[in-house]
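Beneath this line is the structure, given in structure tokens, with notes to follow.
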2 protein chains.
Amino acid sequence: MGKARGNVPQNAREPQDDMLAGLRRSIDNIDAALVFLLAERFKVTQKVGAWKAESNLPPADPAREEQQIARLRALAADADLDPDFTEKFLRFIIDEVIRHHASVERG
Amino acid sequence: MGKARGNVPQNAREPQDDMLAGLRRSIDNIDAALVFLLAERFKVTQKVGAWKAESNLPPADPAREEQQIARLRALAADADLDPDFTEKFLRFIIDEVIRHHASVERG
């Protein structure tokens with residue numbers, strides 16, 4: 001951090017500065033990885049949805065969701081990520097999945 | 001899929017069936033990867049937040065956000081992921097980051 005900042009004079013601290021640009025490139029890399037992982041996750045949950053529809057299982061499974069949330073909160077704490085945010089994040093994803101499953105059921 | 005299903009009699013299609021259990025193990029693996037990537041992303045955005053606070057830059061940057069959204073929508077389409085969902089996902093993450101930045105500013 002010190003080296004990069006040493007190259008940036010005080011008056012050059014604009015959104016385009018080198019420090020900010022470097023950090024943003026890292027964010028862009030991570031975001032691409034997140035998108036591809038989410039795509040893979042939805043491929044798996046689509047299989048789950050088709051299987052549930054075929055087996056007459058309900059789209060939502062509250063007991064499974066509770067297990068997922070407890071597990072991810074523990075992983076988040078290990079990784080120094082806010083467990084409350086992680087739980088909100090998982091619920092956001094699960095809500096989307098349930099919408100997909102429900103539409104498979106209706107379809 | 002056919003092989004695993006061949007091992008599961010019709011009347012055993014419960015939430016604990018082998019097919020569902022296997023798919024859920026894949027989801028759990030992907031979720032752990034998502035959590036660790038998110039932890040890394042927040043490490044980077046904390047650096048961005050500290051830098052912005054120190055440089056008197058505003059926490060939110062609408063032009064940057066538009067670029068991120070356009071890029072991720074294109075990546076999502078490549079990966080066969082719903083671009084609208086991807087945009088909602090990114091806004092969900094960015095909103096959390098802005099809350100963090102705003103609290104760094106106030107702090």
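In what follows, chains are A, B, ... by sequence order, proteins preceding strands, each numbered from 1.
- Both the backbone and the side chain of B:Asp31 come within contact range of chain A, with heavy atoms under 4.5 Å apart.
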>> side chain to side chain contact (heavy atoms under 4.5 Å, CB included), that's the test. Do B:Val48 and A:Ile27 meet it? Break it down for me.
In response: CA-CA 10 Å; B:Val48 170; A:Ile27 291 169; 4.0 Å; yes

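- Interatomic distance, OG1 of B:Thr45 versus CG of A:Leu23, reported as 9.5 Å (0.5 Å rounding).
- Taken to the nearest 0.5 Å, the CG atom of A:Leu34 stands 5.0 Å off from the CG atom of B:Leu37.
- Contact annotation: the side chain of B:Val35 never approaches that of A:Asp78 to less than 4.5 Å [non-hydrogen atoms, C-beta and beyond].
- Salt bridge A:Arg99/B:Asp82: absent, no basic N to carboxylate O contact under 4.0 Å.
- A salt bridge is absent between A:Asp17 and B:Lys52: the closest approach of a Lys/Arg side-chain nitrogen to an acidic carboxylate oxygen does not fall below 4.0 angstrom.
- Between A:Lys88 and B:Asp95 there is no salt bridge, since none of the side-chain N atoms of the basic residue sits less than 4.0 Å from a carboxylate O of the acidic one.
- Residue B:Glu40 touches chain A through both its backbone and its side chain, counting heavy-atom pairs closer than 4.5 Å.
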> Yes or no on side chain to side chain contact (heavy atoms under 4.5 Å, CB included) for B:Ile30 and A:Lys43, after CA distance, side-chain angles and deciding distance?
Replying inline: CA-CA 11 Å; B:Ile30 292 170; A:Lys43 281 179 62 178; over 6 Å; no

> Where do B:Arg41 and A:Asp28 land on the salt bridge (Lys or Arg N to Asp or Glu O under 4.0 Å) test, with the steps shown first?
Replying inline: CA-CA 9 Å; B:Arg41 193 188 195 282; A:Asp28 286 344; over 6 Å; no

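- Residue A:Thr86 holds its OG1 atom at 9.0 Å from CD of B:Glu96, rounded to the nearest 0.5 Å.
- Contact between B:Ala39 and A:Ala79 at its shortest, heavy atoms only, is CB-O, 3.5 Å.
- Using a 30° and 60° split on the angle between ring planes, B:Phe42 and A:Phe85 fall in the perpendicular class, above 60°.
- A:Phe36 places none of its side-chain heavy atoms less than 4.5 Å from the side chain of B:Leu81.
- Within a 6.0 Å sphere centred on CG of A:Asp80, heavy atoms belonging to other residues, nucleotides or ligands number 12 at most.
- Ranked by non-hydrogen atom pairs under 4.5 Å with chain A, the options B:Leu90, B:Ile93, B:Val44 are led by B:Val44.
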